[in-house]
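What follows is one structure encoded as C-alpha cells, with my remarks underneath.
Since this is a predicted model, take the numbers as computed values, not measurements. Hydrogens, waters and symmetry mates are skipped; everything else that's a heavy atom, side chains included, is used.
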Amino acid sequence: MISQFKRYISRRAGRSGHNTLRRAACRALNTLVKTLTACGAIYCALLAPVQAAADPNKVIRVAFEAADDGFDMVRTNNNLYSSWIGYAIFETLLTYDYLARPAKLVPGVAEALPEMSDEGKTYLFRIKKGVYFTPDPAFKGVKRELTAADFIYSIKRVLDPKNRSPQASSFEGKIIGMSALVDAAKKSGKFDYDKPIAGLEAVDRHTLRVRLTALDQNFGYLMAHATTGAVAREVIEAYGDDTGRHPIGTGPYILKQYVPRSKIILEANPDYRGYIWDFKSSGEAWDEQVIRDMKGKSMPQIGRVEVSIIEEEQTRWLTFASGQLDFDKLAENASPKVLDGDKLKPEYALKKIGLYRFVNPDVVTAIFSFKDPTTGGYTPEKIALRRAIVMSYDVAEDIRLARYGQAIKAQSLVPPGVAGHDPTYRSSVRYDPPLAARLLDHYGYKRGADGFRAMPDGKPLVIKLNSQPTSRDTAMREIWKRSLDRLGIRSEYPIGSFADNLKSAANCELMMWWLGNSASIPDAADFVESYYGPNAYQGNLSCYSSPVFDEAYVKARSLPDGPERQKYYTTMMRQLEADSAVVPMVWRIRNWMIQPWVKGLKKHPVMHNDWMYIDVVKH
C-alpha cells in the first residue's frame, strides 16, 4: 500500500510538475509510517494477557509537588498530576514503549498498531476483546466490556464545547464530520453524542475506523494521550460534573481513596489482564540493569500506590531521605548537598540510591493575561510594558539561586527532547534592564517622586505575580521583585495553591503567573497550542490571540517534522517575542532519586504511569 501510494503521488506530481508536492507528501507518509510501525514488527509492548500478579504487600509511596484538579481527563487543565493518575486508570488505544528514547508508540488496548489506508488518512484500530471496566453502580450489576463505541464517545467528549477541553484544539478540524457536529452543539447548547459521523465509525463491536480530513503526523500521539483514555458513557452520565472524583476505567489501577490536595491511594485492578515484562534496550546504559531486574516478570507487581501532596521542596526531600518515599524528583535546593556535578556524592552512592538524570521536555514560563487592563492588549504601550518586564528578569540568577544550577536557559517554548526543537534557535529578547527602563520612559510610564512608575494615563502601575508557597517560589519572588524594583515598577505577589492558580489562569484571571509546561506528546505542537487564539478559556491561559501566530500554527499542523514545518515554528516564536506574550525562563534538569529497593524505574518523558512497569524488592 505504501509503495503504491508513493507511485501514485509521483505520477500525479510528475504530470503537474509539482516535484515539491511529491517530495513533501512522501516525506509526510514516511514520517507517519515510521512513527506508527517501526516497533510493530519487533514486538508489542503489552504481550498476550496473563494473570495479573500484583502483590497487595508491595506498596509504592510517592509525592506530588502540586495538587491535581480531578480525574476527568477531558476537563482537567493540562494538569500533570491529574494525568499521572489518569494514565494508571484509563487505557488508550496506543501507548509508549517504556524504555525507548526518543518516545515510540506501541499498541495499548488496541491489538496492534493501526492499519492505515487512504493515503495515511484512515486508521483502523482492532480493540482487544475481553477488556472490562472496573465495576461501578453506574453499570447496574452488568459486567461492562470495552468496545469501539466507548472510544467514539470518549473522543467526542473532547470536542464537546461544554467540556472546554484544553485538548480540543488538537482535534479541531481533523476528523471528518466532527466540525459540523461541534458547530451544531455551539448553536443548540447540546452536543448530540448519538449522531453518527463519517470520521468515527464502529465497524463492529471491537473495531474502530477513524477518518481524518488530512494527513496528521501527531494523530497517533493523540491516541496515546490520557485525554483519549476510554470512559463509559453510563459513568459520565451518572456522575456528571462530579466525574473527576469517580474515574472508572479499564487500566491496571483503581482509585481507592481520594482526599483532594492531600492524598491519593490507588490499588491494583484485580480484573486487569496483565502482561509479561519484555522491553528492549534503547541503548542507554541505564536500561541494562532495568532489564536484568524486570525481564520475564508478570506485571503489574505493585499492589498499592500511596500519593501524598507535598508542595514544599525541603519537606519532600527530607521525606525521601528518611525512606518514607520510594522515588522522587530531587529538590533543587537539596542538589548542592546531594550532587557532585551530575553524579551522587559518595555518601548517597554508598546507600545504593539510584540517580536518573535528564533534561526534562518541559519549559517554565511567566505568562501575562491579555484580558487584564494593565498587562493585556496589543497597543504599543502595552507591548512595551510586557517587553520591559521580559527584559528585566535575570534568568541566570534564577538558575543559580532558585534552581541551584539544575536548569538551562530557555531560548523558546519548545524544549529539547521533542520533535520540533531547534537547537540553533536563539531568542530575540535579551536580558537588558537599562534598555527596558528606556523603553518604559519612551512610552510614558513615568517615575514619580518615590521612584516608582505610573501608567501613561497617570494611574498607579502595579504588577501582580501569582505563585505557590514553596521555597523555590520564594526565591523566584525575590528575583522578580529585585528585577521590577530596578525598573521602578511596584509589584505584589499573591500566593495560592497550584490548583487554585491553574483554575484562575484557565479563566485568564491572573495578571501574571509562572508555571511549568511538561510535554504530553513528544512534539512541539504540545507547547504552541496553548497560544492559539481559538483556545482562549480552554488551554490558552493568557487569552492571547495573534493572526500571524494562528496562521503559522494552522499551517504547521498539516506538516511533518522537518525544515518546512520548522519555519512556521520560527514564525510563531518570533511573533510571541514581538508581542512579548510570554517569558520563556528555563528548561529543567530532572534528577530522579530512587530507593535501592525500587526496581525497573526509568522515567519516561511523556508517559507517567510508572507503577505498572516497576517492582519493589526489599531484602
* Asked: Listed by chain and number, what are the side-chain contact (heavy atoms from CB on, under 4.5 Å) partners of Pro373, not counting sequence neighbours?
  -> none
* Structure fact -> Residues passing the side chain to side chain donor-acceptor pair (under 3.5 Å) test with Ser483, sequence neighbours excluded, are none
* Asked: Got Asp526 and Glu529 here, is their nearest side-chain heavy-atom distance under 4.5 Å?
  -> yes
* Please name the residue in the list Lys446, Arg453, Arg447 that meets the salt bridge (Lys or Arg N to Asp or Glu O under 4.0 Å) test with Asp441. => Arg453
* Asked: For residues 494-519, which residue pairs qualify under salt bridge (Lys or Arg N to Asp or Glu O under 4.0 Å), counting only residues two or more places apart or in two chains?
  -> Arg261-Asp500
* Polar side-chain atom of Thr474 near backbone of Thr470 as donor-acceptor pair, under 3.5 Å -> yes
* Structure fact -> Shortest non-hydrogen pair, Ser82 vs Phe71, comes out as O-CD2, 4.0 Å
* To do: Tell me yes or no: between the side chains of Asp473 and Trp514, is some donor less than 3.5 Å from an acceptor?
  => yes
* Say whether, by atom type as modelled, one donor and one acceptor occur between the side chain of His608 and the main chain of Val606 under 3.5 angstrom. => yes
* **Residue pairs involving residues 563-584 (criterion ring pair (Phe, Tyr, Trp, His ring centres under 6.0 Å); sequence neighbours excluded)** => none
* Between Ser392 (side chain) and Leu484 (backbone), is there a donor-acceptor pair under 3.5 Å? -> no
* Is Lys603 salt-bridged to Asp610, cutoff N-O under 4.0 Å? -> yes
* To do: Kindly say whether Ile60 contributes a backbone atom to a donor-acceptor pair with the side chain of Glu306 at under 3.5 angstrom?
  => no
* Asked: Judged by modelled atom types alone, do Arg386 and Ser580 share a side-chain donor-acceptor pair under 3.5 Å?
  -> no
* Partner set under ring pair (Phe, Tyr, Trp, His ring centres under 6.0 Å) for Tyr393, not counting sequence neighbours -> Trp480
* Asked: Is it true that a side-chain atom of Thr228 and a backbone atom of His225 form a donor plus acceptor pair closer than 3.5 Å?
  -> yes
* Among pairs that include at least one residue of residues 416-438, which meet ring pair (Phe, Tyr, Trp, His ring centres under 6.0 Å), considering only residues two or more places apart or in two chains? -> His421-Trp587
* Counting distance only, does the side-chain N/O of Asn163 pair as donor-acceptor with the main-chain N or O of Arg157 below 3.5 Å? -> yes
* Evaluate the side-chain proximity of Val182 to Asp160: yes if any heavy-atom separation is below 4.5 Å, no if none is. => no
* For Glu397, side-chain contact (heavy atoms from CB on, under 4.5 Å) partners two or more places apart -> Asp394, Arg400, Leu401, Ile479, Arg482
* Can you find a pair of side-chain heavy atoms, one from Ile389 and one from Met512, that are under 4.5 Å apart? -> yes
* Asked: Among side-chain atoms of Glu381 and Thr379, is any donor-acceptor pair under 3.5 angstrom?
  -> yes
* Just by distance, with hydrogens left out, do Gln406 and Arg357 show a side-chain donor and acceptor under 3.5 Å apart? -> yes
* Residues Thr227, Thr92; criterion side chain to side chain contact (heavy atoms under 4.5 Å, CB included); working and verdict -> CA-CA 9 Å; Thr227 303; Thr92 49; over 6 Å; no
* Arg430: what forms a side-chain contact (heavy atoms from CB on, under 4.5 Å) with it, not counting sequence neighbours? -> Asp432, Leu435
* Verify the distance criterion only: is there a donor paired with an acceptor across the side chains of Ser83 and Tyr81 at less than 3.5 Å? => no
* Mind checking whether Ile495 and Gln468 have side chains closer than 4.5 Å, heavy atoms only? -> no
* Output, in order, the C-alpha distance, side-chain angles, deciding distance and verdict of side chain to side chain donor-acceptor pair (under 3.5 Å) for Asp422 and Thr424. => CA-CA 5 Å; Asp422 181 358; Thr424 67; 2.7 Å; yes
* Asked: Taking only residues at least two apart or on different chains, which pairs with a member in residues 565-584 satisfy salt bridge (Lys or Arg N to Asp or Glu O under 4.0 Å)?
  -> Asp523-Arg565, Asp561-Arg565, Arg574-Glu577
* Test item: Ser546 and Gln575 side chains (from C-beta on) under 4.5 Å apart, heavy atoms -> yes
* How about Lys263: does its NZ atom have over 12 heavy atoms from other parts shown lying under 6.0 Å from it? -> yes
* Which heavy atom of Val418 sits nearest a heavy atom of Pro415, and at what distance? -> CG2-O, 3.4 Å
* **Short side-chain to backbone donor-acceptor contact, Lys174 and Ser170, under 3.5 Å** => yes
* **Listed partners of Tyr532 passing side-chain contact (heavy atoms from CB on, under 4.5 Å), at least two apart** => Ser169, Glu172, Pro534, Asn535, Asp550, Tyr553, Val554
* Using only heavy-atom distances, determine whether the side chains of Asp362 and Asn360 contain a donor-acceptor pair under 3.5 Å. => yes
* To do: Could you walk me through whether Ile155 and Ile175 pass side chain to side chain contact (heavy atoms under 4.5 Å, CB included), step by step?
  => CA-CA 10 Å; Ile155 293 170; Ile175 299 174; 3.8 Å; yes
* Asked: Can you find a heavy atom in the side chain of Val74 that is under 4.5 Å from one in the side chain of Gln167?
  -> no
* May I have the step-by-step check of salt bridge (Lys or Arg N to Asp or Glu O under 4.0 Å) for Lys409 and Asp398, ending in yes or no? => CA-CA 9 Å; Lys409 176 178 170 55; Asp398 180 315; over 6 Å; no
* What pairs of residues pass the side-chain hydrogen bond (donor to acceptor under 3.5 Å, both in side chains) test when at least one of them lies in residues 334-343, not counting sequence neighbours? -> none
* No-hydrogen, no-angle side-chain donor-acceptor test under 3.5 Å, Asn501 and Ser504 -> no
* Measure from the side-chain N and O atoms of Asn540 to the backbone N and O of Tyr544, and report whether any donor-acceptor pair falls under 3.5 Å. => yes
* Asked: Within the distance-only criterion (no hydrogens, no angle test), does the side chain of Tyr378 pair as donor or acceptor with the backbone N or O of Ser545 below 3.5 angstrom?
  -> yes
* For the side chain of Ser412 and the backbone of Val414, is there at least one donor-acceptor N/O pair under 3.5 Å apart? -> yes
* Asked: Which of these, Leu255, Asn609, Val307, sits in a side chain to side chain contact (heavy atoms under 4.5 Å, CB included) with Leu266?
  -> Leu255
* Asked: Charged N to carboxylate O under 4.0 angstrom, Asp241 versus Lys162?
  -> no
Donor-acceptor pairs under 3.5 Å, side chain of residues 325-333 to any protein atom, not counting sequence neighbours: which ones?
from   : atom 1 : to     : atom 2 : distance (Å)
Asp326 : OD1    : Arg61  : NH2    : 3.0
Asp326 : OD1    : Trp597 : NE1    : 2.7
Asp326 : OD2    : Arg61  : N      : 2.6
Asp326 : OD2    : Arg61  : NE     : 3.3
Asp328 : OD2    : Arg316 : NE     : 3.4
Lys329 : NZ     : Glu65  : OE2    : 2.8
Glu332 : OE1    : Arg472 : NH1    : 3.4
Asn333 : ND2    : Ser471 : OG     : 3.0

* Asked: Taking side chain as C-beta onward, heavy atoms only, is Val305 less than 4.5 Å from Tyr253?
  -> yes
* To do: Apply the test ring-ring contact (aromatic ring centres under 6.0 Å, His included) to residues Phe358 and Tyr356: give CA-CA distance (whole Å), side-chain angles for both, the deciding distance (0.1 Å), then the verdict.
  => CA-CA 7 Å; Phe358 63 106; Tyr356 186 66; 5.4 Å; yes
* **Donor + acceptor pair across side chains of Asp68, Tyr258 (<3.5 Å)** => yes
* **Beyond-backbone contact of Ile408 with Val586, side-chain heavy atoms, under 4.5 angstrom** => no
